Amino acid sequence: MSTTFPDLKQANFSKQDIIAILGATSDDKIEAVRSAAQNVLLENCGNKVYFRGLIEFSNICRCNCYYCGIRKSNQNVMRYEVNTEDVLDVARWCVNQGYGSMVIQSGERRSERFISKITEILKLIKQETTCEELPQGLGITLSVGEQTPETYKRFFDAGAHRYLLRIETTNPDLFAKLHPPEQTPETRIACLRSLREIGYQVGTGVMIGLPEQTLEDLADDILFFKREDIDMIGMGPFIPNEETPLGQAPCSTAQERVRLALLMIAATRLVLKDVNIASTTALQALDPEGREKGLSFGANIMMPLMTPQNVREKYLLYPGKPGLQQDSSAVHADLEKRIKSIGREIGYNIWGDSPHFRKGVK
Ligand code: SAM
């Protein structure tokens with residue numbers, strides 16, 4: 001095996017190349033990776049950062065993922081669901097602010113009541129936000145977990161056109177250590193394929209720095225994104241939550257997890273080139289400048305938190321969630337300043353779809 005660092009300008013990275021990139025520790029190698037990823041981003045996606053206002057619709061969840069603070073068995077969580085009018089307020093706020101899109105995320109639920117409520121909300125958002133600037137209304141990304149193909153179709157027909165469902169890890173043994181036996185990677189993959197078939201822009205991602213996760217696992221994750229023709233990536237560092245079974249599991253330091261998460265963003269940009277990549281809240285939770293760093297390592301999407309203040313702290317996946325006290329306008333002003341400070345622009349009043357998806361004419 002060669003010990004030289006891979007050529008960062010090549011078109012086809014091997015698994016060994018990706019492992020070497022993820023293993024970079026010296027400042028000069030990390031800077032070389034960052035700068036190469038930034039060039040690939042600018043060439044394939046341009047300079048713009050797109051905002052999606054994020055509303056955490058409900059923390060009620062049927063799942064018991066061993067890492068997640070809103071898991072069903074966590075008795076310390078006060079459960080909530082945002083009412084329709086409050087979701088519409090967020091949608092209107094996004095339009096007024098020039099955001100082209102929003103994200104609705106929620107704990108996983110499959111009752112007919114939940115599904116029809118989300119469907120109704122999607123339709124209302126479309127009705128309320130269709131205007132001169134946004135002739136097709138706000139772009140809507142949905143992230144409400146594993147559902148049946150029929151449910152995904154209902155959501156799609158009601159107006160959602162992007163869907164995020166993280167695979168969390170593609171290593172089946174590691175997946176089994178993170179989830180109860182009834183959850184499987186096969187089901188997630190089937191969901192991702194069904195979403196693609198229906199016509200969604202499909203997003204997935206992984207947690208980075210999980211206990212026992214290797215660089216080889218992460219390289220396999222990136223190759224999985226490529227193989228599955230994924231359009232959007234959302235990934236961030238694993239953050240242990242004491243209220244969960246994995247709260248005490250040994251993992252690397254926060255600083256190491258941030259470094260690895262940034263290298264993962266850069267490596268994904270180098271390999272996939274034209275997909276949208278989000279700079280996630282979990283990065284900011286571990287490093288106050290984590291989200292800007294994510295942008296400079298190849299991400300082009302930000303998801304400012306718009307969840308109503310009265311429930312924001314009840315959607316606690318992990319400790320240290322940022323922006324709990326800030327109101328949406330303050331969050332926006334802060335992000336705008338930070339984005340300009342790193343020489344990037346905000347893409348106002350457009351959906352900001354993944355160029356990868358548009359090229360595929362899917
Ligand atoms: N129910 C939807 C789903 O499963 O896709 C959306 C909500 S789920 C809570 C959103 C994401 O939070 C998960 O995909 C997971 O990667 C992330 N997450 C949960 N707990 C985490 C933790 N302790 N550290 C980092 N990320 C975490």
Side-chain angles (χ1 to χ4, degrees), residues 52 54-74 77 79-82 103-111 114-115 118 141-147 151-152 155 160 162-170 174-175 177-180 182-185 187-189 191-192 195 200 202-211 213 218 221 230 232-249 251-252 254 257-258 260-261 264 278-287 290 294 303 305 307 314-322:
R52 283 93 168 86
L54 169 64
I55 182 156
E56 295 150 331
F57 173 73
S58 172
N59 64 358
I60 302 170
C61 191
R62 60 183 291 281
C63 298
N64 249 325
C65 308
Y66 300 151
Y67 47 84
C68 183
I70 61 166
R71 64 198 304 271
K72 183 180 175 187
S73 299
N74 187 355
V77 177
R79 306 288 166 170
Y80 73 86
E81 176 181 295
V82 177
V103 180
I104 301 174
Q105 192 185 91
S106 174
E108 186 172 305
R109 296 160 64 184
R110 296 193 190 155
S111 65
F114 174 78
I115 293 166
I118 293 286
T141 309
L142 205 54
S143 180
V144 300
E146 295 176 10
Q147 305 285 345
T151 300
Y152 287 146
F155 292 154
R162 309 184 187 112
Y163 202 99
L164 284 177
L165 178 68
R166 288 187 180 178
I167 187 78
E168 313 297 359
T169 173
T170 55
L174 187 53
F175 191 100
K177 290 178 183 166
L178 303 176
H179 302 99
E182 61 274 16
Q183 282 175 257
T184 66
T187 308
R188 294 240 160 158
I189 294 169
C191 285
L192 292 171
L195 289 161
Y200 281 96
V202 181
T204 192
V206 294
M207 284 180 288
I208 299 153
L210 288 161
Q213 187 180 43
L218 291 167
D221 295 339
I230 294 299
M232 324 179 291
I233 308 288
M235 52 191 179
F238 165 66
I239 305 176
N241 182 334
E242 292 212 335
E243 295 182 353
T244 68
L246 285 176
Q248 304 296 338
C251 63
S252 55
R257 276 175 283 138
V258 170
L260 193 52
M264 236 345 237
S279 195
T280 55
T281 316
L283 259 176
Q284 198 192 350
L286 293 188
D287 177 338
M303 304 194 292
L305 189 58
T307 304
K314 299 191 177 113
Y315 198 90
L316 261 202
L317 310 180
Y318 44 73
K321 178 181 178 180

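Each ligand, and each atom within it, is numbered from 1 in the order the structure gives. As the structure is a computational prediction, the values presented were derived from the model and not from experiment. We number each residue from 1, following the sequence as shown.
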**Asked** Does NZ in K72 sit with more than 12 non-hydrogen atoms of other residues, nucleotides or ligands closer than 6.0 Å?
**Response**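 Check fails, neighbour count at 12 or below.
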**Request:** Indicate whether any N or O donor in one side chain lies under 3.5 Å from an N or O acceptor in the other, for T244 and R71.
**Result:**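 Side chains of T244 and R71: no pair found under 3.5 Å.
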Is there any protein N/O under 3.5 Å from an N/O of ligand 1, and what does the full list of such pairs look like?
from: ligand 1; atom 1: 1 (N); to: S106; atom 2: O; distance (Å): 2.9
from: ligand 1; atom 1: 14 (O); to: E168; atom 2: OE2; distance (Å): 2.6
from: ligand 1; atom 1: 16 (O); to: R166; atom 2: NH1; distance (Å): 2.8
from: ligand 1; atom 1: 16 (O); to: E168; atom 2: OE1; distance (Å): 2.6
from: ligand 1; atom 1: 16 (O); to: E168; atom 2: OE2; distance (Å): 3.4
from: ligand 1; atom 1: 23 (N); to: Y67; atom 2: O; distance (Å): 3.0
from: ligand 1; atom 1: 23 (N); to: I239; atom 2: O; distance (Å): 2.8
from: ligand 1; atom 1: 24 (N); to: I239; atom 2: N; distance (Å): 3.0

**Prompt:** What do you reckon, are the aromatic ring centroids of Y67 and F238 less than 6.0 Å apart?
**Reply:**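 Between Y67 and F238, the centre distance exceeds or equals 6.0 Å.
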**Item:** Within-4.5 Å side-chain heavy-atom neighbours: F155 and I104
**Value:**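 Side-chain contact under 4.5 Å: no.
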**Prompt:** What residues, two or more places apart in sequence or in another chain, satisfy side chain to side chain donor-acceptor pair (under 3.5 Å) together with R79?
**Reply:**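 Listed in chain order: nothing, the list is empty.
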**Pairwise distance CZ(F114) to CD(E108) - rounded to 0.5 angstrom** =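 Separation between the atoms: 9.0 Å.
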